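This report concerns only the one structure given below.
The structure displayed is predicted, hence computed values, not measured ones. Atom set for the values below is all heavy atoms of this structure, side chains included, hydrogens, waters and symmetry mates excluded.
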Amino acid sequence: LIDLTTGVNSSILGSSRYYKVQTLFLVILVILIVTANLILIPVFGITGAAIGSAVSLTVLNIVRFLFLYFKLDLQPFNLRFVYVLLIAGAAYFVSRLIPPFPNFIVDIIIRSGLITVIFGLPVYFLNISEDINQKADQYLRLIGLKK
């Protein structure tokens with residue numbers, strides 16, 4: 001999720017005049033991951049590797065973000081991003097309130113449906129993403145719910 005949120009940073013760096021900095025950042029990432037793994041794997045086992053990788057990627061993405069912000073005056077986040085985070089958090093916490101069903105398939109269907117409704121409706125009606133709204137409108141017209 002961390003890398004998805006800021007993943008376009010590497011593409012921007014790679015196609016800018018600062019493309020060589022991307023190599024430096026990747027070397028830093030390798031050093032961070034190896035160091036974190038050496039410290040955390042003996043303590044936490046395989047979970048330590050996951051923690052080390054997550055922390056390393058987070059540091060790398062923060063550094064990339066700051067570099068792009070200060071060098072190219074690029075900032076990919078806005079208030080809509082905060083709305084998406086709040087809606088996603090609400091969908092997650094509401095889904096956790098439902099007791100688990102004995103049949104895991106029923107559980108998956110109910111939780112997925114609930115999360116889709118709790119997340120999808122506010123994103124659609126708040127018009128957070130024009131792309132999502134256009135695609136949703138296309139499907140709504142296809143099934144006859146919108147003209």
Point-to-point distance, once rounded to the nearest 0.5 Å, from CG of Asp137 to CG of Leu142:
12.5 Å
Is Ile39 linked to Val30 within one hydrophobic cluster, defined over Ile, Leu, Val, Met, Phe, Trp and Tyr using a side-chain heavy-atom separation of less than 4.5 Å?
no
Hey, does Ile28 have a side-chain heavy atom less than 4.5 Å from the side chain of Val63?
no
Could you tell me the separation between the OG atom of Ser56 and the CG atom of Leu29, rounded to the nearest 0.5 Å?
6.0 Å
With sequence neighbours left out, the residues meeting ring pair (Phe, Tyr, Trp, His ring centres under 6.0 Å) with Tyr18 are Phe67
Can you list the steps and then say if Ile33 with Asn37 is a side-chain contact (heavy atoms from CB on, under 4.5 Å)?
CA-CA 6 Å; Ile33 288 177; Asn37 283 346; 3.5 Å; yes
Shortest non-hydrogen pair, Tyr124 vs Asn133, comes out as O-ND2, 3.0 Å
Tell me whether Val55 is reachable from Leu38 by hopping between hydrophobic residues (I, L, V, M, F, W, Y) whose side-chain heavy atoms are closer than 4.5 Å.
no
Between Tyr19 and Gly14, the two heavy atoms sitting closest are CB-O, 3.5 Å
For residues 109-120, run the donor-acceptor check on the side chains, cut-off 3.5 Å, and write out each pair with its distance to 0.1 Å, sequence neighbours left out.
unit_1	atom_1	unit_2	atom_2	d
Arg111	NE	Asp107	OD1	3.1
Arg111	NE	Asp107	OD2	3.0
Arg111	NH1	Ser95	O	2.4
Arg111	NH1	Ile98	O	3.3
Arg111	NH2	Ile98	O	2.9
Arg111	NH2	Asp107	OD1	3.3
Ser112	OG	Ile108	O	2.7
Thr116	OG1	Ser112	O	2.7

Should the heavy atoms of other residues, nucleotides or ligands under 6.0 Å from CD1 of Ile46 be counted, would the total exceed 12?
no
Just how far is it from atom CG of Asn127 to atom CZ of Phe125, taken to the nearest 0.5 Å?
11.0 Å
Heavy-atom check, side chain of Phe25 versus side chain of Val21, under 4.5 Å
yes
Single-linkage hydrophobic cluster Val84~Ile132, side-chain heavy atoms < 4.5 angstrom:
yes
Same apolar cluster: Phe93 and Leu85, side chain cutoff 4.5 Å
no
Please examine the side chains of Leu26 and Gln22, heavy atoms only from C-beta on, and report whether any two atoms are closer than 4.5 Å.
yes
Residue pair Ile87 / Leu126, side-chain heavy-atom distance below 4.5 Å
yes
N/O donor-acceptor pair under 3.5 Å between Arg141 side chain and Lys147 backbone
no
Considering non-hydrogen atoms only, spot the tightest contact between Ile105 and Asn103 and give its length.
N-OD1, 2.9 Å
Just do the side-chain contact (heavy atoms from CB on, under 4.5 Å) check on Arg64 and Asn61 with the steps written out, would you?
CA-CA 5 Å; Arg64 279 181 184 158; Asn61 282 306; 3.5 Å; yes
To the nearest 0.5 angstrom, please state how far the CZ atom of Phe77 sits from the OH atom of Tyr69.
12.5 Å
Any link between Phe65 and Ile62 through a network of hydrophobic side chains (Ile, Leu, Val, Met, Phe, Trp, Tyr) touching at under 4.5 Å?
yes
CZ of Phe81 to CD of Gln75: how many Å apart, nearest 0.5 Å?
10.0 Å
Are side-chain heavy atoms of Leu68 and Leu13 found at a separation under 4.5 Å?
yes
Distance in Å, Asn78 CG paired with Ile128 CD1, rounded so as to fall on 0.5 Å steps:
9.5 Å
